[in-house]
Amino acid sequence: MESQNTCAAALPVSTLSEPLLLGKGADLATGDDDLEAQLTSYRATGASFSRTCLNLTNAVSGIGVLSMPYAVAQGGWLSLVLFALVGAVCYYTGTLIERCMRADPGAIASYPDIGKFAFGSAGRRAIAFFMYVELYLVAISFLVLEGDNLDKLFPGSSVQLMGGYRLQGKQLFIALAAAVVLPTTWLKNLGVLAYVSAVGLVASAVLTASLVWAGVAETGFRRNSTSVLSLGGLPTSLGLYFVCFTGHAVFPTIYSSMKNNRHFSKVLLISSVLCSVNYGLTAVLGYMIYGDDVQSQVTLNLPSGKLYTKIAIVTTLINPLAKYALLVAPITAAIEERFSLPAGSAPARVSISTVVVVSTAVVASTVPFFGYLMSFIGSFLSVMATVIFPCLCFLKIYRAEGIRRAEIAAIAGILMMGVFVAVTGTYTSLQQIIGTF
């Protein structure tokens, strides 16, 4: 791997970012130094302001952009007001994480550390649990995304297996995608994948350009068949909006990596605005072009056979393939630690990662709709990571020092909103998923 500076620039993160592995001797920790190097920040020289902006933007930006037009279709044009509100709330809770980090810089280096500092070992375990579950579901969503989009690129594909069983369509490509990513999960050093995963920012730009191309050259920017407000779809919209701003799991790492971490709030503001503009532009373009017919992944609406469609889909698919191993690595490491397996043992790593990959492929093959899964992740897991945990930890840590009443009232309001979204969004998304079977 190259210098620590370069490694930080390619910090492997996703929209639903992987949790930092806990230090040696901690709960659910790993002794794999190479893996830890992928997921923790360097501390020798510190990242510059601009480099940190890149890291943080890559942390927040991800596959959530694909569902933005669908989110607007579910809630209507006025739901974009809630999108702006979610972005503002997630920015504020990001600053709460920064302030929690400052409570004891020597003891707090990761998100689970904040939980431990606030609530002891129970807090660490609670945050780690939700983060690992989130990682597993995001890995599943990656395979669903691969299956749906490859099926669009190569429609009608099928393979005849032994016993007369035919594997075709989405299930075929999910199996192929799992087969492709499986060897990458066996790697001990994931540094190369970290660099490839940085293509996520490029993929978002290519997608937006493809939508503009589609609107100008094909369907036009129509405004018919759109809704101003759909109350029944708001829970789904809110869940998808929270997915877009989930990067809080790696905020402590990025904060620690800065040369001057007092500028973190400025970096967070810039990154949040940039991502909001990109998400908002994609949402507006996609909904204007395709209206209520927009699919849960807007790439599936792009005309088949067109060059820009192929470019958009291929670019979009590279990122999940590269990031999949980065997502399951913490899960594999946690399982190894839980069962006291030898640190860095190749047979153990290969066996566990293979089981994880196969299980995600099986579940992905049964998931009927990408949008419903992403809404569930956003409503249940992302809200916990971006709203509930930062607010509760901040209140617990700074309660003794005193917090302004206005800020307590604001945090209480945010918590109530988070609980409301978690309850209604989770219920709605589970009802939608179950209803498709």
Side-chain angles (χ1 to χ4, degrees), residues 14-16 57-91 138 141-142 144-145 148-149 200-215 219 221 223 225-230 233-247 271-302 312-313 315-316 319-320 369-379 382-383 386 421 425 429:
S14 67
T15 300
L16 298 163
T57 303
N58 192 34
V60 178
S61 179
I63 63 173
V65 69
L66 298 177
S67 296
M68 277 299 297
Y70 176 75
V72 179
Q74 288 296 296
W77 285 113
L78 288 181
S79 71
L80 286 173
V81 176
L82 295 178
F83 169 72
L85 176 63
V86 169
V89 167
C90 290
Y91 165 76
V138 174
S141 72
F142 277 5
V144 175
L145 183 150
D148 285 340
N149 284 276
L201 298 177
V202 177
S204 295
V206 170
L207 176 61
T208 303
S210 298
L211 287 175
V212 173
W213 194 343
T219 60
F221 298 97
R223 290 180 174 81
S225 72
T226 61
S227 305
V228 176
L229 180 65
S230 176
L234 284 181
T236 300
S237 295
L238 283 169
L240 293 172
Y241 291 155
F242 271 104
V243 167
C244 293
F245 292 102
T246 297
S271 299
S272 298
V273 170
L274 289 176
C275 290
S276 297
V277 170
N278 179 49
Y279 286 136
L281 185 60
T282 302
V284 171
L285 287 174
Y287 195 40
M288 286 179 64
I289 295 172
Y290 301 111
D292 290 332
D293 295 326
V294 69
Q295 299 190 47
S296 61
Q297 303 166 60
V298 70
T299 48
L300 301 180
N301 285 100
L302 295 174
I313 292 179
T315 308
T316 300
N319 211 32
F369 202 54
F370 179 82
Y372 296 162
L373 176 61
M374 294 299 289
S375 178
F376 171 76
I377 293 173
S379 300
S382 297
V383 168
T386 60
V421 173
S429 57

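Annotation: side chain of Leu211 is in contact with side chain of Leu302 (closest heavy-atom distance under 4.5 Å). In this structure, Tyr372 and Thr236 have side chains that are not in contact, with every pair of non-hydrogen atoms separated by 4.5 Å or more.
Residue Ser79 comes nearest to Ala71 through the heavy atom pair OG-O, 4.2 Å, listed as atom of the first residue, atom of the second, then distance. Between Pro69 and Thr282, the shortest heavy-atom distance links the atoms CG-O, 3.4 Å. Between Pro235 and Ser375 the shortest heavy-atom distance is O-OG, 4.2 Å. Closest approach of Tyr70 and Gln295 over heavy atoms only: CB-O, 3.4 Å. Heavy atoms only, all atoms of each residue included: Met374 and Val243 are closest at O-CG2, 3.2 Å. Considering every non-hydrogen atom in both Leu238 and Val421, the closest pair reads CD1-CG2, 3.9 Å.
Tyr91 contributes no side-chain N or O that, together with a main-chain N or O of Ser272, makes up a donor-acceptor pair within less than 3.5 Å. Side-chain atoms of Tyr287 never come within 3.5 Å of backbone atoms of Met68 as a donor-acceptor pair (strictly under, hydrogens ignored).
Note that CD1 of Ile313 is 5.0 Å distant from CG of Asn149, once rounded to the nearest 0.5 Å. Between atom OG1 of residue Thr316 and atom CD of residue Gln297 there is a gap of 9.0 Å, rounded to the nearest 0.5 Å. The OG atom of Ser237 lies 9.0 Å from the CG atom of Leu80; values are rounded to the nearest 0.5 Å. The distance from atom CG of Asp148 to atom OG1 of Thr299, rounded to the nearest 0.5 Å, is 8.0 Å. How far CG of Leu66 is from CG of Asn301: 11.5 Å, rounded to the nearest 0.5 Å.
Side-chain rings of Phe245 and Phe83 approach one another, their centers coming within less than 6.0 Å.
When only modelled atom types and interatomic distance are considered, Ser67 and Ser296 share no side-chain donor-acceptor pair under 3.5 Å.
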Residue pair Thr208, Tyr279: steps toward the side-chain contact (heavy atoms from CB on, under 4.5 Å) verdict: CA-CA 9 Å; Thr208 303; Tyr279 286 136; over 6 Å; no
Verdict with supporting geometry, Ser379 and Phe242, side-chain contact (heavy atoms from CB on, under 4.5 Å): CA-CA 7 Å; Ser379 300; Phe242 271 104; over 6 Å; no
Check against side-chain contact (heavy atoms from CB on, under 4.5 Å), Val72 and Tyr241: CA-CA 9 Å; Val72 179; Tyr241 291 155; 3.6 Å; yes
Steps toward side-chain contact (heavy atoms from CB on, under 4.5 Å) verdict (Leu274, Ser271): CA-CA 5 Å; Leu274 289 176; Ser271 299; 5.7 Å; no
